[in-house]
Amino acid sequence: MMNEDSSAASGGGVKKFFQRLSQTYQSTLDRSTPHTRMRWVFAGFLLLLFVLRIFIYQGWYIVCYALGIYHLNLFIAFLTPKIDPEFDPYSQDDEDEGPNLPTRSNEEFRPFIRRLPEFKFWLSVAKSTLIGLICTFFDFFNVPVFWPILVMYFITLFCITMKRQIKHMIKYKYLPFTRNKPRYQRVNDLAGSGPGSVAGNSK
């Protein structure tokens, strides 16, 4: 009985520890949500550490190549609309008119909704870079390869993928950024600029 009670207590303690760790991790992410610039500075710092380690020790090129491919896929998902106009049943049938996406400033404002939101994009980049950095501490992942071939493959894949994405943007006439968001005046400002104020100014 004593052994069962002690094992149950230890199991409950471990469970509480991981629950508290998960809550701390989630609260940290929630607090970092509005600080976009600081989040990307942190991700860039991790990426810089990873690149410096690859450059200094001249190894782990497979890890670097895999990380680059993964980041490229994340970037493409970040540039792609959540509902692809090519497969949207509610989009217009005429290809010349394109889908219902904002293309001019005089059109109704519709924000660009991404397939991969900015926060999830940053979180995936930071996590993958940290995992890649950890992998560089293990010789098991240091597979000997001829790195110029990997660089050539990555550049070719990047050019082909970006060319396809740019053609998709041109075909469906959209930009992966929200622009020309309307700004509304305050009620007090509108009341102050009413007919009474105009009459007072005319005197």
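The first residue of the sequence shown is numbered 1, and numbering continues consecutively from there.
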Legend entry - Side chain proximity check, Leu79 to His168, heavy atoms < 4.5 angstrom: no
Legend entry - Atom pair CZ/OG1 of Phe154 and Thr156 - distance to nearest 0.5 Å: 10.5 Å
Inset, instruction - Look at the side-chain heavy atoms of Ile, Leu, Val, Met, Phe, Trp and Tyr, link any pair under 4.5 Å apart, and say whether Val143 and Tyr61 land in one connected group. - result: yes
Inset, instruction - Mind telling me whether Phe138 and Phe141 have parallel, tilted or perpendicular rings, with 30° and 60° as the class edges? - result: perpendicular
Inset, instruction - Group every Ile, Leu, Val, Met, Phe, Trp and Tyr by side-chain heavy-atom contacts under 4.5 Å, then state whether Leu123 and Val41 land in the same group. - result: no
Inset, instruction - Please indicate whether Phe42 has more than 12 foreign heavy atoms, meaning atoms of other residues, nucleotides or ligands, lying under 6.0 Å from its CZ. - result: no
Legend entry - Donor-acceptor contact present, side-chain Ser22 to main-chain Phe18, <3.5 Å: no
Inset, instruction - Give the cluster check for Phe140 versus Ile131: same hydrophobic cluster or not, with ILVMFWY residues linked at side-chain heavy-atom distances below 4.5 Å. - result: no
Inset, instruction - Check whether any side-chain heavy atom of Arg164 sits under 4.5 Å from a side-chain heavy atom of Ile76, and report yes or no. - result: no
Inset, instruction - Take Leu29 and Phe119 through the test side-chain contact (heavy atoms from CB on, under 4.5 Å) and record every step on the way to the result. - result: CA-CA 10 Å; Leu29 290 181; Phe119 183 81; 4.1 Å; yes
Legend entry - Path from Met162 to Ile170 over hydrophobic side-chain contacts below 4.5 Å: no
Legend entry - Pairwise distance CH2(Trp147) to CD1(Ile62) - rounded to 0.5 angstrom: 14.0 Å
Legend entry - Cation-pi geometry met for Arg53 and Phe137 (6.0 Å, 45°): yes
Legend entry - Nearest-0.5 Å distance that lies between atom OG1 in Thr161 and atom CD1 in Ile166: 11.0 Å
Legend entry - Ring center gap for Trp40 and Phe121 short of 6.0 angstrom: yes
Legend entry - Nearest non-hydrogen partners of Ser124 and Leu74, listed with the distance: CB-CD1, 3.6 Å
Legend entry - Nearest non-hydrogen partners of Gly59 and Ile54, listed with the distance: O-CD1, 3.2 Å
Inset, instruction - State the CD-CD1 distance between Gln58 and Ile56, to the nearest 0.5 angstrom. - result: 9.5 Å
Inset, instruction - Taking all heavy atoms of Phe50 and all of Gly132, pick out the closest pair and write down the distance. - result: CE1-O, 3.5 Å
Legend entry - Ala77 backbone acceptor or donor facing Arg115 side chain under 3.5 Å: no
Legend entry - Heavy-atom pair of closest approach, residues Glu118 and Phe78: CA-CE1, 3.8 Å
Inset, instruction - Mind checking the CG-CD1 spacing from Leu157 to Ile155? Nearest 0.5 Å is all I need. - result: 11.0 Å
Inset, instruction - Could you grab the distance from atom NZ of Lys120 to atom NZ of Lys127, nearest 0.5 Å is fine? - result: 11.0 Å
Legend entry - His71 to Thr129 - nearest heavy-atom pair and separation: CE1-OG1, 3.3 Å
Inset, instruction - Might you point out which heavy atoms bring Cys135 and Trp60 nearest each other, and give the distance in Å? - result: O-NE1, 3.5 Å
Inset, instruction - Evaluate the side-chain proximity of Arg39 to Val125: yes if any heavy-atom separation is below 4.5 Å, no if none is. - result: no
Legend entry - Min side-chain heavy-atom separation Ile69-Phe158 under 4.5 Å: no
Inset, instruction - Answer yes or no: is there a donor N or O on one side and an acceptor on the other, between the side chain of Thr136 and the main chain of Leu133, under 3.5 Å? - result: yes
Inset, instruction - Please check if Tyr25 and Leu46 belong to a single hydrophobic cluster, counting links between Ile, Leu, Val, Met, Phe, Trp and Tyr side chain heavy atoms closer than 4.5 Å. - result: yes
